[in-house]
Amino acid sequence: MSSKKYNMWLQYQPILNTTCKKHYQKMLTTLYVNGNAPTIQSAEQELTDAIFTMLGQRITSKSDMDHATIVIGNIEEISSLLSNDHIARLAEMNEEGYLVIENQGKIIISGNSDAAVLYGVHHLLRNMQLEQDLISLAVFEQPKNQFRMLNQWDNLNGSVERGYSGKSIFYQNGKIVKDKTRIKDYARYLSSVGINAISINNVNVWEEESYFITKKYLPEIREIADIFRAYGITLYLSINFASPMTIDGMSTADPLNQSVQNWWKDKIAEIYHYIPDFGGFIVKADSENRPGPFTYNRDHADGANMLAKAFEPYGGKVIWRCFVYNHLQDWRDRTTDRARAAYDHFKPLDGKFHENVILQIKNGPMDFQVREGVSPLIGAMPNTNQMIEFQVAQEYTGQQIDLCYLLPQWKQILQFDTYIKGAGTTIAEIVAGTIHTYKYSGIAAVSNIGGDDENWTGNTLAQANLYGYGRLIWNPDLSAEEIAQEWIVQTFGNKKEVSNTLGEMLLNSWEIYENYTAPLGVGWMVTPGVHYGPNIDGYEYSKWGGTYHFADRDGVGVDRTKETGTGFTTQYAEPNQNLYNDVSKCPDELLLFFHHVPYKYTLKNSKTIIQHIYDTHFKGFEQVEDLIKKWDSLADLIDEERFKNVQNRLKQQKNNAREWRDQINTYFYRKSGVADKQNRAIY
Ligand code: GCU
């Protein structure tokens with residue numbers, strides 16, 4: 001399959017700028033490849049195919065490097081082409097570090113591992129798609145984060161939990177797909193932005209998926225691992241904590257029970273027999289009805305360590321999710337607070353986990369809302385490996401119908417200063433492992449792709465989030481603007497008007513989405529279950545009723561202060577604790593996340609809460625109308641298929657925004673009895 005919508009950002013469109021094209025054609029004629037590992041072969045293939053489509057010429061292979069115009073491969077043999085300084089700089093970088101050098105008309109791409117060479121090749125191809133000069137290239141790059149992972153939430157029946165692009169590319173009708181071409185292409189896209197780990201099944205592991213770690217499925221999973229390996233990506237599986245019971249009918253899954261421990265030891269040995277470089281397990285335990293160590297009065301360190309021990313001989317990892325909370329708790333009782341749960345469960349266990357366990361923590365303490373505080377657990381366990389979890393899938397941010405470019409949100413989270421070890425203790429540094437010197441750390445995210453949609457992500461523009469996720473976690477210093485521009489040019493070609501207009505659309509889209517949905521950090525207000533469209537009092541699990549926002553006739557918001565609320569604010573280090581706890585200091589955008597305030601409370605932006613709600617909701621809707629105008633202005637510059645795809649989604653977004661605006665405004669008008677100062681119609 002190959003089409004503009006399918007090719008995402010690897011379009012490799014013919015270069016239109018003739019000077020640039022001539023320059024490339026002259027430089028890129030012959031290739032020498034050193035090494036034949038699968039990743040090197042992938043690099044060679046990508047390079048030759050891409051050059052052919054971009055320049056219309058096939059590069060020929062050379063058997064000696066002196067006569068080749070491009071040389072790629074392991075450093076050992078080609079070091080004679082490099083200066084001592086180049087070699088020294090490469091040696092200072094980590095295993096995935098690479099260089100791309102131009103020297104007297106020759107391009108040299110090398111790195112500290114085979115995968116690094118592939119990353120280097122993608123660097124060159126990106127430069128070419130962006131039509132950049134190759135003369136005097138001297139690039140030295142290494143990823144900031146060790147783990148750069150995607151989590152698929154795909155089920156064997158072909159559905160994808162929180163999937164907004166149709167069915168799974170991995171499974172169909174209860175079986176692993178036979179034709180794995182699409183998986184291979186997915187691996188290509190991921191490697192082009194530096195992803196190096198993937199888990200291929202839903203964190204909620206149902207009955208049949210529990211058998212993924214048995215010989216019923218392992219031979220085919222091995223094939224998938226082979227595909228990803230050729231792109232530098234290590235395969236992981238989500239597991240059912242109660243597997244010994246589900247698979248082998250044991251009477252317990254108690255992590256301290258010797259037979260259970262032996263069972264896992266044998267099981268893990270079996271997996272490595274099939275996949276010698278298997279990455280490890282992702283575990284969702286004691287959360288939303290999934291089994292876990294609590295059943296046996298054990299803690300999460302007991303659970304994780306049992307698996308970690310069994311993985312030790314093979315170098316495997318246990319990625320243990322901290323999304324652990326009692327979903328049946330009575331939300332009306334203000335002494336309990338879901339936001340507190342992860343920290344309360346895990347912080348006391350610091351230092352108790354084996355060194356091959358990594359805790360995976362959602363970016364916020366709740367659940368991927370359009371805005372929430374940063375999880376205070378990140379960085380709070382100096383002696384336990386941690387990684388942060390983002391959601392590329394837009395579960396609560398428009399479900400790939402509404403436009404919501406998430407890079408500005410992720411940037412803000414990564415730049416958040418926790419002050420855990422003084423100023424500069426940002427989330428970016430913590431998950432990169434530079435603050436507490438973790439053995440393993442990094443970033444994971446829930447993927448947003450599916451296979452029904454040939455364009456992978458439902459909304460073509462949602463591809464920007466997948467691209468941006470990879471680029472940002474490789475280099476968190478890149479700005480959301482830079483990443484957007486890279487993506488636009490590679491996806492739609494080098495046209496100023498598209499870059500400007502679409503760039504603006506993407507960069508404002510998060511704020512726009514926030515404007516017409518849940519205000520001031522309060523979150524939720526979505527239709528329970530589906531999480532799309534407004535349902536202001538909708539509360540997912542409670543059998544007692546209740547809301548997430550505590551709106552009454554006097555005010556709105558969740559009191560999480562230490563004096564009168566849930567005390568969640570105490571989980572932050574100072575000065576953040578005081579910043580959030582003190583209503584007069586708390587930033588506007590998070591005010592209702594931390595405080596219950598009267599409708600006439602004045603925000604720092606000088607508006608009352610109620611007026612702010614009205615204004616942002618009217619504005620958000622108008623901004624969506626403007627997005628439509630902007631997109632329509634690009635009609636002649638974008639191919640019809642992709643143009644229509646986005647146009648159609650924007651129309652749906654407009655309906656959604658209208659519904660949100662009207663429901664929110666009416667709800668708060670009725671609750672508060674305070675009229676809009678501008679007397680706009682509130683239905
Ligand atoms: C959210 C999401 C669930 C998912 C869960 C998780 O609650 O709605 O579908 O299973 O997160 O992260 O485990």
Side chains of [X] and [Y]: is there a donor and an acceptor less than 3.5 Å apart?
X	Y	value
K144	N475	no
N645	T460	yes
N201	D154	no
H617	N515	no
N535	T527	no

Indicate the atoms forming the closest heavy-atom contact of [X] with [Y], along with that distance.
X	Y	value
Q400	V392	OE1-O, 4.3 Å
K411	L478	NZ-O, 2.7 Å
E454	S3	OE2-OG, 2.7 Å
Y532	I401	OH-CG2, 3.6 Å
I361	C322	CG1-SG, 3.8 Å
L130	N494	O-ND2, 4.0 Å

Mind checking whether [X] and [Y] have side chains closer than 4.5 Å, heavy atoms only?
X	Y	result
N665	R661	yes
M128	Q490	no
V446	E395	no
Y12	F52	no
L377	Q386	yes
Q463	L466	no
I224	K180	yes
F323	E288	yes

### Sequence-distant partners of Q45, side-chain hydrogen bond (donor to acceptor under 3.5 Å, both in side chains), two or more places apart
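So Q45 forms a side-chain hydrogen bond (donor to acceptor under 3.5 Å, both in side chains) with D49.
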
Is it true that [X] and [Y] make a salt bridge, defined as a side-chain N closer than 4.0 Å to a carboxylate O?
X	Y	result
K629	D632	no
D615	K619	no
K178	E220	yes
E96	R148	yes
R182	D185	no
K630	D626	yes
D367	R338	yes

Hey, is the main chain of [Y] close enough, under 3.5 Å, to the side chain of [X] for a donor-acceptor pair?
X	Y	value
N157	S159	yes
S42	A230	yes
S191	G194	no
D402	Q394	no
W456	M8	no
Q653	L403	yes
S287	K284	no

Within the 6.0 Å centroid threshold, strictly below: [X] and [Y]:
X	Y	result
H549	F593	no
Y669	Y667	no
Y516	Y513	yes
F212	Y217	yes

### Message
Please evaluate residues S441 and I358 with respect to the criterion side chain to side chain contact (heavy atoms under 4.5 Å, CB included), reporting the C-alpha separation (whole Å), side-chain torsions for both, the decisive distance (0.1 Å), and the verdict.
### Response
CA-CA 7 Å; S441 62; I358 311 159; 5.6 Å; no

#### Entry: Residues that W9 engages under ring pair (Phe, Tyr, Trp, His ring centres under 6.0 Å), provided they are two or more places apart
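Partners of W9 under the ring pair (Phe, Tyr, Trp, His ring centres under 6.0 Å) test: Y189, Y467.
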
### Query
Got a sec: does the NZ of K362 have more than 12 other heavy atoms crowding it under 6.0 Å?
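Atom NZ in K362 is crowded, with more than 12 foreign heavy atoms closer than 6.0 Å.
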
### Message
Show, in sequence, the C-alpha distance, side-chain angles and deciding distance for N465 and L407, and conclude whether the side chain to side chain contact (heavy atoms under 4.5 Å, CB included) test is met.
### Response
CA-CA 7 Å; N465 284 330; L407 272 288; 4.1 Å; yes

### Query
Do E209 and L156 pass the side chain to side chain contact (heavy atoms under 4.5 Å, CB included) test, and can you show the C-alpha distance, the side-chain angles, and the key distance before you say yes or no?
CA-CA 7 Å; E209 286 90 341; L156 197 57; 3.4 Å; yes

### Task
Using the side chain to side chain contact (heavy atoms under 4.5 Å, CB included) rule, take I198 and F228 through it: C-alpha gap first, then chi angles, then the decisive distance, then the call.
CA-CA 8 Å; I198 189 164; F228 280 112; 3.8 Å; yes

### Task
Please name the residue in the list L55, N17, N127 that meets the side-chain contact (heavy atoms from CB on, under 4.5 Å) test with Y24.
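Single side-chain contact (heavy atoms from CB on, under 4.5 Å) partner of Y24 among L55, N17, N127: L55.
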
### Message
If the condition is side-chain contact (heavy atoms from CB on, under 4.5 Å), which residues does V526 pass it with, not counting sequence neighbours?
### Response
Y396, H531, W660

### Query
Which value, rounded to the nearest 0.5 Å, describes the distance between N656 atom CG and R649 atom CZ?
12.5 Å

### Message
Quick check for you: to the nearest 0.5 Å, what is the distance between L414 atom CG and I388 atom CD1?
### Response
6.0 Å

### side chain to side chain donor-acceptor pair (under 3.5 Å) between T457 and N448, worked out
CA-CA 6 Å; T457 52; N448 66 347; 5.3 Å; no

### Query
After noting the C-alpha distance and the side-chain angles of K4 and E641, does the key distance pass the salt bridge (Lys or Arg N to Asp or Glu O under 4.0 Å) rule?
CA-CA 9 Å; K4 284 194 169 151; E641 220 176 352; over 6 Å; no

### Task
Would you please test Y186 and Q152 for side chain to side chain donor-acceptor pair (under 3.5 Å) and show each step?
CA-CA 12 Å; Y186 187 40; Q152 299 300 135; 2.6 Å; yes

### Message
Let's go through Q360 and N151 carefully: what are the C-alpha distance in whole Å and the side-chain angles of both, what is the deciding distance for side chain to side chain donor-acceptor pair (under 3.5 Å) to 0.1 Å, and is it a yes or a no?
### Response
CA-CA 11 Å; Q360 181 168 309; N151 298 161; 2.9 Å; yes

### Message
Does Q412 form a side chain to side chain donor-acceptor pair (under 3.5 Å) with R371? I'd like the steps, not just the answer.
### Response
CA-CA 11 Å; Q412 205 174 78; R371 172 97 59 178; 3.1 Å; yes

### Query
Under 30°, 30 to 60°, or over 60°: which ring-plane class applies to W524 and Y548, parallel, tilted or perpendicular?
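Parallel.
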
### Task
Assess whether ring pair (Phe, Tyr, Trp, His ring centres under 6.0 Å) is satisfied between Y405 and W510, documenting all intermediate values.
CA-CA 6 Å; Y405 176 61; W510 174 40; over 10 Å; no

